[in-house]
**Q** 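The following block contains the structure, expressed as structure tokens.
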Amino acid sequence: MRKDMIAGNWKMNATHLDAIQMVQKLSYRLNDPDYERVEVVVHPPFTALRSAQTVIETDHLRIKLGAQNCHYAESGAYTGEISPGMLSKLSVSYVIVGHSERRHVFGEVDADINRKVKAVFETGMVPILAVGETEQERADGLTEEIVRGHFVAGTSGLTQDQVSSLVVAYEPVWAIGTGKTATPEDAGAVCSFIRDLAAGSFGGSADHMRILYGGSVNPGNVAAIMAKKDIDGALVGGASLDPDTFASVIRYWV
Ligand code: 13P
């Protein structure tokens, strides 16, 4: 049985002071046993992780902490980078790897993304491997080819156990921050395609691997997306910045 997961990717928003308030407000909203069916994760910027960790640990909140990126090396001459070990020491549980903004704005390529996925696992955390096609690729009928390429390269060399705990986020680039959402049918079909790919390479582990949808998820569209059998959660950008709105996304079944 795969547990639902709703993760908020704050991107380059929120100072460490904002983060304290956002996490505290979110935890008030989640103060209801109903919410326990969902694993809730927030991904603040690096500079806010320590503050968010302190609030979560001091107040014993059930919110998990995630990072938005990391480097694949453990230490060394990589000016400006953050290692997986630095994140795990901050009680980070999940690291987004290969987000489309990393791929398209910062030029990350599949080989580096695969090294990051492995490094995150080796440090005892879980990667959220992001995959997805651009608008032009979709128009050209290349959605499955692109998603297959991202998934196969990103998971190359993983063990079946690792794939069981892996999280994949299907985020069509054209739906990110645009207000355009994939229809639940289209999103569900691509997520089923990803699970089939995983089953082909990693057997029964694919049944345990969680697949999230991301791209303009909001309180109004989340229920229809979550109803799809191969969608286990959402990776939420803009709608995760306001704790009230994010709590409504998390409580998607109401
Ligand atoms: P939006 O929800 O703002 O479209 O962002 C999605 C995203 O990129 C999450 O990682």
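Sequence positions, counted from 1, serve as the residue numbers for this chain. Values reported hereafter were calculated over all heavy atoms of this structure, with side chains retained and with hydrogens, waters and symmetry mates removed. Both ligands and their constituent atoms are indexed starting at 1 by order of listing. Because the structure is predicted, anything quoted here is derived from the model rather than measured.
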**Q** Compute the minimum heavy-atom distance from Ala239 to ligand 1 and say whether it is under 4.0 Å.
**A**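 No, that is not the case, since the closest heavy atom of the residue is not under 4.0 Å from the ligand.
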
**Q** How close do Trp10 and Ser240 get, heavy atom to heavy atom, and via which atoms?
**A**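 Distance-wise, the nearest heavy atoms are CD1-OG, 3.5 Å.
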
**Q** Does ligand 1 have a heavy atom under 4.0 Å from the side chain of Asn9, from its backbone, from both, or from neither?
**A**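 The answer is the side chain of Asn9.
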
**Q** Under 3.5 Å between some N or O of ligand 1 and some N or O of Leu235?
**A**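 The answer is no, given that Leu235 and ligand 1 share no N or O pair closer than 3.5 Å.
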
**Q** Are Met209 and Leu235 joined in one hydrophobic group, where the rule is that I, L, V, M, F, W and Y side chains link up if heavy atoms are under 4.5 Å apart?
**A**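 No, Met209 and Leu235 fall in different hydrophobic clusters.
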
**Q** Start with the C-alpha gap between Asp232 and Lys3, add the side-chain angles, then the distance that decides, and say whether salt bridge (Lys or Arg N to Asp or Glu O under 4.0 Å) holds.
**A** CA-CA 7 Å; Asp232 307 306; Lys3 183 161 184 167; over 6 Å; no

**Q** Please confirm whether Gly214 approaches ligand 1 to less than 4.0 Å, judged on its heavy atoms.
**A**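 No, Gly214 has no heavy atoms under 4.0 Å from ligand 1.
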
**Q** Using a strict 4.0 Å cut-off to heavy atoms of Gly237, name the atoms of ligand 1 that fall inside it.
**A** 1 (P), 2 (O), 3 (O), 5 (O), 6 (C), 9 (C)

**Q** What residue pairs, at least two apart or across chains, pass ring-ring contact (aromatic ring centres under 6.0 Å, His included) with a residue in residues 112-140?
**A**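 Qualifying pairs: none.
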
**Q** Would you say the side-chain atoms of Asp161 and Ser164 include a donor-acceptor pair closer than 3.5 Å?
**A** no

**Q** Evaluate Glu101 for polar contact with ligand 1, using N/O atom pairs at a separation under 3.5 Å.
**A** no

**Q** List the closest protein heavy-atom neighbour of atom 5 (O) of ligand 1: residue, atom name, distance to the nearest 0.1 Å.
**A** Lys11 NZ, 3.3 Å

**Q** In ligand 1, which numbered atoms sit nearer than 4.0 Å to a non-hydrogen atom of Gly238?
**A** 1 (P), 2 (O), 3 (O)

**Q** Do you know which of Arg103, Arg115, His150 makes side chain to side chain donor-acceptor pair (under 3.5 Å) with Asp110?
**A**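 The residue from Arg103, Arg115, His150 that satisfies side chain to side chain donor-acceptor pair (under 3.5 Å) with Asp110 turns out to be Arg103.
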
**Q** Quick test: of every protein heavy atom, which one is nearest to atom 4 (O) of ligand 1, and how far off is it to 0.1 Å?
**A** Gly177 N, 2.6 Å

**Q** Once you restrict to heavy atoms under 4.0 Å, what part of Ala175 touches ligand 1? Side chain, backbone, both or neither.
**A**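 The answer is the backbone.
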
**Q** Any ion pair linking Asp207 and Arg195 (charged N to carboxylate O, less than 4.0 Å)?
**A**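 No salt bridge links Arg195 with Asp207.
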
**Q** Under 4.0 Å from a heavy atom of Ser216: which atoms of ligand 1 are those, numbered in the order shown and with their elements?
**A** 1 (P), 2 (O), 4 (O)

**Q** Any N/O of Gly215 closer than 3.5 Å to an N/O of ligand 1?
**A**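 No; the residue has no nitrogen or oxygen that sits under 3.5 Å from a nitrogen or oxygen of the ligand.
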
**Q** List ligand 1 atoms under 4.0 Å from Glu171, heavy atoms only on the residue side.
**A** 6 (C), 7 (C), 8 (O), 9 (C), 10 (O)

**Q** Suppose the criterion is ring-ring contact (aromatic ring centres under 6.0 Å, His included): which pairs have a residue in residues 166-203, not counting sequence neighbours?
**A**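 Sorted result for residues 166-203: empty, none.
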
**Q** Do you see a donor-acceptor pair shorter than 3.5 Å between the side chains of Glu171 and Ser100?
**A**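 No donor-acceptor contact under 3.5 Å links the two side chains.
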
**Q** Is the terminal nitrogen or CZ of Arg29 (NZ for Lys, CZ for Arg) located under 6.0 angstrom from the six-membered ring centre of Phe246 and within 45° of that ring's axis?
**A** no

**Q** Is there a polar contact between ligand 1 and Val236, counting only N or O atoms under 3.5 Å apart?
**A** no

**Q** Please state whether His43 comes within less than 4.0 angstrom of ligand 1, counting heavy atoms only.
**A**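 It does not, in that no heavy atom of His43 comes within the 4.0 Å cut-off of ligand 1.
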
